[in-house]
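Any value given below was found using the heavy atoms of this structure, including those in side chains, with hydrogens, waters and symmetry copies removed.
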Amino acid sequence: MKFENLVILMSTYNGEHFIQEQLDSIIRQDYKTWNLLIRDDGSEDATRSIIQKYEKMDPRISIFKDADGNVGPKKSFLKMLTEVDAPIYMFADQDDIWHSYKVRQTVSWYQKHVKEPSEPTLVYTNMSTVDQNGNLLQKNVLPSDLRVSFVSSLVMNVVTGCTVLVNQSLANKVKLSDSDSIVMHDWWMALIARFSGNIFYLPVTTIDYRQHSNNAVGVGHSLKSRLNKVMNFGKLKEAFALQMKQSNLLVTRINRTQLSDESNDLEEFIALEESGTFVSKFMWLIRHHVKKGTIVGTLSFYFLFLTSDNRLKKNRARQGD
């Protein structure tokens, strides 16, 4: 599928309660030159019929059709991204509320900073969080002077997909098969942009990011929600393993000659996780001031990283038995 202008990609799943408000907020954008492509990921409620109604109402809105059914959000978004040809792309969740200037300001920021479209580029913005009724939870989730080091970007994702714009050069570096080896599509695109092109932060809140019980991915504000993650240690280990798998895949996509220092940091991170001693790993964490978004998240990552070699040895011993 080929488009001449900006394409907004949306993946939906059982979103009947919030999708109309989201679609209305996109239609109200003061930047009018866009197309919205929606892939439903196997909804069992009224989501499909709502989408069909909006498709008839606005010629810029169309449904992405395939026979794959439910594949999950990251694969659903990657499927559209890898099959749609456009100069620039944005991503929309089904349950947020876009501020009327979101598209205009994000596109303007991209045009201001990018002189060469052939360079893989990602732009992301700030956001506020709201509850299921639209009541404000947190204004400006990210600091206005946000700075993220190369190493920090390996262990923590600050880029939220529904605030993101990417260009075609970055989209061309993404493959559908990547979905099996990445944590989430937004983090993956941010890593490719960071190590192979450009990443720019627009410190303007452009969306109300809705938090509710059915979020595929969300921002946990309460101590209870953070502790619940820690208590589910099995999922934490799975997430850590996938994060390392993502880092290994990144090695195959970067140009080492252009980013020698950063590629060395990436390869050292992988090598330490696989076979580094406790002391060497701990010194690396301290040297690079590695931390995640919360104390609980940081402590969990430290534990998994520092003990990963021991767990690998145990697994190999068991397999030998």
Calculate, to the nearest 0.5 Å, the distance between atoms CD and CZ belonging to Glu274 and Phe269 respectively. 10.5 Å
Whether Asp95 and Arg210 form a salt bridge (side-chain N of Lys/Arg under 4.0 Å from carboxylate O of Asp/Glu) is what I want to check. no
Would you compute the distance between atom CG of Leu122 and atom OH of Tyr110 and round it to the nearest 0.5 angstrom? 11.0 Å
Can a salt bridge be assigned to the pair Asp96 and Lys102 using a cut-off of 4.0 Å between side-chain N and carboxylate O? no
Restricting to non-hydrogen atoms, name the atom on Leu142 and the atom on Val158 that form the minimum distance, rounded to 0.1 Å. CD1-O, 3.8 Å
Tell me if a side-chain donor or acceptor on Asn126 pairs with a main-chain N or O of Val141 at a distance below 3.5 Å. yes
Pick one: which of Thr125, Asp208, Thr205 meets side chain to side chain donor-acceptor pair (under 3.5 Å) with His99? Asp208
Pairwise distance OG(Ser247) to CD1(Ile270) - rounded to 0.5 angstrom: 5.5 Å
Tell me whether Lys291 at atom NZ has more than 12 heavy atoms from other residues, nucleotides or ligands lying less than 6.0 Å away. no
Stepwise side-chain contact (heavy atoms from CB on, under 4.5 Å) check, Ser308 with Met244: CA-CA 11 Å; Ser308 58; Met244 295 309 305; over 6 Å; no
Cation over ring face, Arg28 and Trp98, 6.0 Å, 45°: no
Between Val7 and Ala86, the two heavy atoms sitting closest are CG2-CB, 3.6 Å
Non-hydrogen side-chain atoms of Arg253 and Asp178 separated by less than 4.5 Å: yes
Assess the residue pair Phe301 and Leu285 against the criterion (side-chain contact (heavy atoms from CB on, under 4.5 Å)); give the C-alpha distance rounded to whole Å, side-chain angles, the decisive distance to 0.1 Å, and a yes or no. CA-CA 10 Å; Phe301 178 80; Leu285 292 169; 3.9 Å; yes
Indicate yes or no for a side-chain donor-acceptor contact from Asn172 to the backbone of Ser169 under 3.5 Å, with no hydrogens or angles considered. no
With a 4.5 Å cut-off on side-chain heavy atoms, are Ile182 and Leu78 touching? yes
Is there a side-chain contact between Met90 and Val103 (heavy atoms, below 4.5 Å)? yes
Is any side-chain heavy atom of Trp284 closer than 4.5 Å to one of Val151? yes
Does Val148 offer a backbone N or O that forms a donor-acceptor pair with the side chain of Tyr201 under 3.5 Å? no
For the residue pair Glu116 / Ser118, report whether a side-chain donor-acceptor contact shorter than 3.5 Å exists. yes
Should Asp40 and Ile63 count as side-chain neighbours, where that means a heavy-atom distance under 4.5 Å? no
Between Thr121 and Glu119, is there a donor-acceptor pair closer than 3.5 Å when you use the side chain of the first and the backbone of the second? yes
Arg104 backbone acceptor or donor facing Ser108 side chain under 3.5 Å: no
Asn133 backbone acceptor or donor facing Asp131 side chain under 3.5 Å: yes
Among Ile199, Leu202, Thr160, find the one that has a side chain to side chain contact (heavy atoms under 4.5 Å, CB included) with Tyr124. Ile199
Can you tell me how the ring of Phe195 sits relative to the ring of Phe150, calling it parallel under 30°, perpendicular over 60° and tilted otherwise? perpendicular
Side chain Thr82, main chain Lys79, donor-acceptor under 3.5 Å: yes
Ser100 side-chain N/O to Asp30 backbone N/O, donor-acceptor pair under 3.5 Å: no
In Å and rounded to the nearest 0.5 Å, what is the CD to CD distance from Glu16 to Glu44? 11.0 Å
Identify the heavy atoms of Asp41 and Ser11 that sit nearest to each other, and give their distance. CB-OG, 4.2 Å
Could you grab the distance from atom CG of Asp93 to atom SG of Cys162, nearest 0.5 Å is fine? 4.5 Å
Answer yes or no: is there an ion pair linking Glu83 with Arg39, defined by an N-O contact shorter than 4.0 Å? no
Yes or no on side-chain contact (heavy atoms from CB on, under 4.5 Å) for Phe305 and Leu272, after CA distance, side-chain angles and deciding distance? CA-CA 9 Å; Phe305 183 68; Leu272 282 171; 4.0 Å; yes
Is any side-chain heavy atom of Leu81 closer than 4.5 Å to one of Phe91? yes
Under the side-chain contact (heavy atoms from CB on, under 4.5 Å) criterion, do Tyr302 and Val155 qualify, and how do the steps go? CA-CA 10 Å; Tyr302 269 50; Val155 303; over 6 Å; no
Do Ile27 and Ile19 sit in one hydrophobic cluster, given that two such residues count as connected whenever their side-chain heavy atoms are within less than 4.5 Å of each other, even indirectly? yes
Between Gln243 and Val183, is there a donor-acceptor pair closer than 3.5 Å when you use the side chain of the first and the backbone of the second? no
Nearest 0.5 Å, what's the CD1-CD distance between Ile88 and Gln111? 6.5 Å
Tell me, do Gln168 and Pro87 make a side-chain contact under 4.5 Å, heavy atoms counted? no
For Phe64, does the CZ atom sit with more than 12 other heavy atoms under 6.0 Å from it, leaving out its own atoms? yes
Tell me if the NZ atom of Lys56 is crowded by more than 12 foreign heavy atoms within 6.0 Å. no
Just say parallel, tilted or perpendicular for the rings of His113 and Trp109, cut-offs at 30° and 60°. tilted
Leu242 vs Gln246 side-chain heavy atoms within contact, under 4.5 Å: no
Identify the heavy atoms of Arg48 and Gly42 that sit nearest to each other, and give their distance. NH2-CA, 3.6 Å
